[in-house]
Each structure stands twice: as C-alpha cells, then as structure tokens.
Amino acid sequence: MGEEKSYHMTPEEFRRCGKELIDWIADYHQWIEWLPVMSRAKPGQVRASLPNSAPEEGESFEAMLVDVEKIVVPGITHWQSPNFFAYFPSNNSFPSILGDLLSSGLGVQGMLWATSPACTEIETQVLDWLVEMLALPEKFKSTRAGGGVIQDTASSSSLCALLAGRERATEFGSNERGCDGRLTAYTSSQAHSSIEKAAKIAGIGRANLRLIETDEQFAMRPHALSAAIEGDRRQGRVPCFVCATIGTTSSNAIDPLRQIGEICRKEGIWLHVDAAMSGTAALCPELRWIHDGVELADSYCFNPHKWMFTNFDCDCFYVADRAALIQTLSVLPEYLRNKATESGAVTDYRDWHIPLGRRFRALKLWFVIRHYGVHGLRHHVQRHVTMAQQFAAWVKADANFELAAPVPLNLVCFRHRAGDSVNQAILDRVNQSGEMFLTHTRLGDRLTLRLCVGQTKTELRHVERAWRQIREAVPARNQPAASGG
Ligand code: PLP
C-alpha cells in the first residue's frame, strides 16, 4: 500500500511558515503607523472578496498570507497604531504576542488543576504578583481567603461578581429556587453597559438595576446611592450588588470608592469595582489614589488587555472571599471528578467563571511582566498619562476649545466651543483623513470628543500631530482669524 496523504502541515512547513508570519507581524508593527487607522471597508466588502464556498483542496500558506494583505489589512481598524486614540486602548506587545502563540502551541485546556497544573499555578502566582504591583489589598491574594483569576473580559467579571453578590444576599438560595424579583443592584448612570447586561443575564432584571445619579464630575453620588438602597429596603426589596467604576468609559470618572464602600459595608451589600482600563494606573505609586477605599470591596477587576500591553483577552478578576464565588458557580459532574480536586489542595478555575474550558492565558501576562518588569510597565503608563496631560494643557490654553471633564489619567474629553455640529465636523474630518482615530461621547448632553492615550507605540510626536490635525479640522467659518499656539 502506498503512503496515505496526511493533509497535515509538516513540522518543517510549520517552521518555515511560522517564521514568515513572525516576520510579517514584525513588519506590520513597523509600518502600521502609516496605514489609515480606521478601516475604510464598506459593509459587505470583505465578505464579497471571499469565495462562496470553502476550498475542496487545501491551499498554500503563501496564498493565505497574500489574502491577509489584500483582504484583512484593509478590512481592519489598526488598534495597534500609535495614532489610535479612540474608545479605550486594547494594546499589545511582542512578548504578549509570543505568549499567546505559545499558548496556542501548547494547546492546553486548563479547566481543572489536574488538566495542566502549570496553567493554573502560573496564573495564581502572576495574579498574586499583580496584587503587589498595583498595591491592592492583601485579601485579594490566593494566600489569604481570596484570589485572582483571568477572565476573558471585564463584562464576564462583573457578571460573576453580580452572581456571587446575588447568592450571598439570598444565602445561596437563588441558585436553587431562582430569583424572586425582589433583588436590586446599583451602579452609576455612567457605568459601563456591561453592568446592565449582567443584570439581564443574572435574572435581576434591568428594571431592578438602579442607575445612580452622578455629580458634576460624572462620579457616583454616594448620598443618592444610600437613598436608593433605603428606598428599596422600605419596599421589601433585597439590595445585593453595587458596582463602582474607577475610570468610566465615557469620561474616566472615578467613583468615590471609600464612601461607596462604607455604605456597602453598613448594608452588607457586595461591592464590585470595575477598573477596566484605569486600574493599570496603580502601577504608579503617585496614581494609586484612584483606589482609595478598595479594601472595602468584595471584588475587583482590571484589564491588562486594555492598557497593560497584553493581547486581548485578559481581564484580572479578584475576590476577597473565593469560597463565595466558588459556591456560586461550582457544579461538579461525575466526569470531572479527580483526586487532586477531592484533596482540596488545588484550585480548579472552572469554578471561578462562566465557561468550563480555558486557555493558558497566563502565559502572555507572565511574559509581559517578565519582559518589561514593573519598572518598564510603570515607565510606559507614566508616559501615557504625561502625554494626555500635555494634550489637556493645549486644549485649556486654546480659547476655542474647552475641557469637558476632569482629566485624572490618560483620557481627555474636550470640545470646540462652537457646539455639536462643529465637533461632529472635526470628528468626521480627522477620522476620514485616516491619520488618526478619535471617538466621541455625550457629556451634559453635548457632543464631546475623546482622546485616549494608551497605545504601546504612541509618542509625544503622535499626540502633537493629533492636536494640530484637530485644530486644522475646524471648519473654516469657525477658525480664529489668526490661530496661535
Ligand atoms: N468596564 C469599563 C469601565 C469599560 O470601559 C469597558 C470597556 O471599555 C468595559 C467594562 C468592558 O470591557 P470588556 O470588553 O473587557 O468587557
């Protein structure tokens, strides 16, 4: 019998194609700066360039790489561009890409400690390191009653926190009997939409999520929170969960954690802190004020996949009482039983989040921290904050523009004083130019431009150029007679 065709890529081919791809990625990162930041693809354009059916016969890697350049590159927004100032960053770095590649190469599924001890133990250790790196309370460490786990996103962390809060408030009865409609949850009107989604998924119901009013700086008003909780208790409701935000998506507002925490302590309500992007700032001792009061929280999350040079997806979620989280989420079918679990000596992360299966995500985080060291990470975060503060100073010094919110860290909310249509025109022009990407929000019902500095390769020259382009994009009729600055 002749040798059967295997169809697999041989190790030699993998070696050759892999090196080619690494070269391609390195080149991409070198020329990304000159690509139009926001994709100009029209709806359906990418799909129309793909064949209607899958290939019958396998194709060469070279052919795939050609299509990456022809179809993929024009069809993506270049999130890693140093001229990307939109939304919040989702930055990455070469050590992180290598860590992710290794994770794929090892192909480990770490649902249980027993299915790959290193996948669990490196994660536990790196998350304990991060407690120290961000000066978070010791209670979040695995060596105490708490611990950390990597989740895919902050949305998932908030959902898990809400579920644990719901269970704690009902003596773990909602899991058994279902929710009875009396449970209520609280967050500010500026909180991320993922909290509303979590309330829907967790059976709390959107109508039972109170969106607490904010002050003139867009931070939650603690008195309004107390009043809402009291009002609900009077009506026989069961408040179970409060989410405070450190760095709201819209304007980077910092909720007063200490006051909110004291209310939650007094009321016995689970407090979750969503520090999705801004938590990273706590790498810098001078910025740790953002976490004042975090020791009062039951859970906390931040996203290294936003601002800590770690590929999406990587959210670090901490709880002070891991037993409450595990009791909330644990289900143990016969086919997952094993001696290590039964010994009680190991962590099984399947009980710490929604999915059962999990990738070896800790590798990329471990590689990033080891490559940069705490000093290197701090250096870049400090530079980002300094550049944003410099941009804010330019806005403040220009009589035609104004700041629309405080600038505590790396996000600047600003607008032209001439009103919404002018700001919309500026936004459209700079984004159509392809030379940068900005997004907007509404603050005080006014269209507001947002510039967030957080890309791995952003330097002061990119921020300077952005400011120049923004001013040049002001419609001619709104240009000052002789523009200075
Ligand atoms: N929370 C805040 C404050 C955010 O800004 C964001 C995203 O921008 C999220 C949560 C959602 O993050 P993720 O995509 O990790 O769920």
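Worth knowing before you read on, the calculation uses all heavy atoms, side chains too, and leaves out hydrogens, waters and symmetry mates. Counting convention: from 1, in listed order, for ligands and their atoms alike.
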Within 45 degrees of the ring normal and closer than 6.0 Å to the centroid, is that where the cationic atom of Arg350 sits relative to Trp352? no

Report, in ascending order of atom number, the atoms of ligand 1 lying under 4.0 Å from any heavy atom of [X].
X: Phe88; value: 5 (O), 8 (O)
X: Gly247; value: 3 (C)
X: His305; value: 15 (O)
X: Thr249; value: 2 (C), 3 (C), 4 (C), 5 (O), 8 (O)

Between Phe94 and His371, is the ring pair (Phe, Tyr, Trp, His ring centres under 6.0 Å) condition met? List the steps. CA-CA 10 Å; Phe94 291 135; His371 171 84; 9.3 Å; no

Anything under 30° is parallel, anything over 60° is perpendicular, the rest tilted; go ahead and classify [X] against [Y].
X: Phe437; Y: Phe84; value: perpendicular
X: Phe312; Y: His305; value: tilted
X: Tyr300; Y: Phe302; value: tilted

Heavy-atom distances under 4.0 Å are what count here, so tell me which part of [X] touches ligand 1: side chain, backbone, both or neither.
X: Asp274; result: side chain
X: Lys306; result: side chain
X: Ala276; result: side chain

Of all the heavy-atom pairs spanning Asn91 and Met308, show the shortest one and how long it is. OD1-N, 3.5 Å

Are Phe401 and Trp467 an aromatic pair by the rule of ring centers under 6.0 Å? yes

Backbone or side-chain N or O of Phe312 under 3.5 Å from ligand 1 N or O: no

Ignoring angles and geometry beyond distance, decide whether Ser155 reaches within less than 3.5 Å of ligand 1 through its nitrogen or oxygen atoms. yes

Out of curiosity, is Asn303 lining ligand 1, as in a heavy atom under 4.0 Å away? yes

For atom 6 (C) of ligand 1, the closest protein heavy atom turns out to be His192 CD2, 3.3 Å

Over 12 foreign heavy atoms within 6.0 Å of CZ, Arg417: yes

